Amino acid sequence: MYHYIRDLPNTSFPRLKGMLTSDFQSQVKIFQSHFEMATLESALAYLQGTYKPSRDLCLLTFDDGLKEHYAEVTPILKELGVQGIFFVITNKALAPVHMNHFLLATLEFETYQKEFYRTLEESCPGMLDTLVITKSLVRHTYPWDDFPLASFKYVVNFMIERDLRDRVLTELFRTHMGDPSEFSESLYVSWDEARAMQKEGMVIGGHSHQHKPLSTLSDKELSWDLTQCRQTLDQQLLPQQELPFCFPYGQRETVNALTLEKLQELGFSCAFLNEPGANYPGQDHFLLQRFDCKDAVEKMLPQVTVH
Ligand SMILES: [Zn+2]
């Protein structure tokens, strides 16, 4: 599972947390030398028990439909002869989780946190006193961040009523970064680019319409979101044999029974969590696990030394 892949020092946001393009390229080569690189089709056939590869399969997935997935990742994968699965947010609006990433990459953390809580307190006096943070949940959700940052991200993404949180983030984003809709055009792939990726052999999948934690939506909003996602993909993409899905945020607890039912009803082929782990024949196609690229080599190939 990959997110940002950039030549970070030479971008406008060198502090953004992501993988360097050169590290990505080396990592794919390591995988290629140890695994059979899967296509979505071969991976699904393996899960169904109809395909028995001689080596373990490795499938590369990329979340959030970022511009660099088109501009940098697709050419690398094409060159190496590997298929990538790319999950796009179908409404193309700047997701609050991404506003948060770019604010964090731009402002000093303490300044940003202070401003965030001040704006929150102005919009909803007394709100701050009601927040009680569960340390283990914070750790589980953001294992890669130090605790102050992890708890801030947890508060922002899970503990504040969503509309209020989005108002606060949008206000801060406008103040420090400019117009969110302009920014989203430079951050996400366009539909033209998504189709160009399909022509290069890549697979595009859904990452929901609005990138909200699905289990927090009402039944009505959940059905609406997933239906919009499916319809937009049908309208915008070239025909594709299989249509995969990836849960926003991706922890097991963000997925409820109605989500799984609805995804199947809408004809999605499978769905991916962010929970680390391998997948085996017979497993539920709608609860597939993934290793994060940050420690995928160590976890999938413990015998390999990483330099
Ligand atoms: Zn996402």
Side-chain angles (χ1 to χ4, degrees), residues 1-6 13 16-19 24 59-70 73 84-105 140-145 149-150 152-158 162 165-166 169-170 173 180 183-191 193-194 197 202-217 221-222 225-226 228-230 232-233 243-256 259 263 268 270-276 286-294 296:
M1 167 179 66
Y2 296 90
H3 289 86
Y4 300 106
I5 298 171
R6 299 177 166 208
F13 303 98
L16 190 72
K17 297 220 166 129
M19 181 177 248
F24 168 69
L59 182 70
L60 305 183
T61 65
F62 303 82
D63 288 13
D64 302 327
L66 302 167
K67 200 68 126 184
E68 65 254 41
H69 296 165
Y70 162 75
V73 172
I85 315 299
F86 298 85
F87 297 106
V88 299
I89 305 163
T90 48
N91 76 357
K92 300 281 185 189
L94 186 58
V97 65
H98 296 147
M99 291 186 196
N100 189 36
H101 291 163
F102 284 92
L103 283 163
L104 280 166
H140 173 70
T141 311
Y142 297 108
W144 301 103
D145 298 308
L149 176 60
F152 178 67
K153 279 164 90 167
Y154 193 82
V155 167
V156 170
N157 288 321
F158 296 101
R162 217 172 37 231
R165 188 273 316 263
D166 292 355
L169 280 175
T170 308
F173 195 88
F183 195 88
S184 77
E185 274 176 42
S186 65
L187 183 64
Y188 302 131
V189 292
S190 66
W191 290 115
E193 289 162 344
M197 291 162 77
M202 306 298 145
V203 169
I204 308 289
H207 194 32
S208 82
H209 193 59
Q210 313 165 93
H211 204 276
K212 293 179 177 178
L214 297 177
S215 59
T216 65
L217 304 185
E221 195 185 357
L222 176 67
D225 182 289
L226 297 178
Q228 286 298 309
C229 179
R230 170 79 216 207
T232 311
L233 293 171
L243 195 60
F245 185 84
C246 167
F247 302 106
Y249 302 93
Q251 289 81 30
R252 183 65 184 80
E253 54 275 18
T254 64
V255 182
N256 57 20
T259 306
L263 286 173
F268 284 98
C270 58
F272 292 83
L273 297 162
N274 288 13
E275 303 279 354
F286 287 82
L287 293 171
L288 298 173
Q289 310 189 101
R290 297 185 290 171
F291 291 104
D292 192 293
C293 63
K294 291 187 206 77

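It should be emphasised that the depicted structure is a prediction, and the values quoted were computed from it without experimental measurement. In each ligand, atom 1 is the first atom listed, and ligand 1 is the first ligand listed. The basis for the numbers below is simple: all heavy atoms, side chains too, and nothing from hydrogens, waters or symmetry mates.
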Answer key: the N, O or S atom of Asp64 nearest to the Zn ion (ligand 1) is OD1
Just wondering, more than 12 heavy atoms not from Tyr154 lying within 6.0 Å of its OH? yes
Is the gap between the ring centers of His98 and His211 under 6.0 Å? yes
Do the charged groups of Asp225 and Lys212 touch, with an N to O distance under 4.0 Å? no
Is any N, O or S atom of His211 under 2.8 Å away from the Zn ion (ligand 1)? yes
Within 2.8 Å of the Zn ion (ligand 1), is there any N, O or S atom belonging to Cys246? no
Ring centroids only, cut at 6.0 angstrom: are Phe245 and Phe247 within range, meaning strictly under it? yes
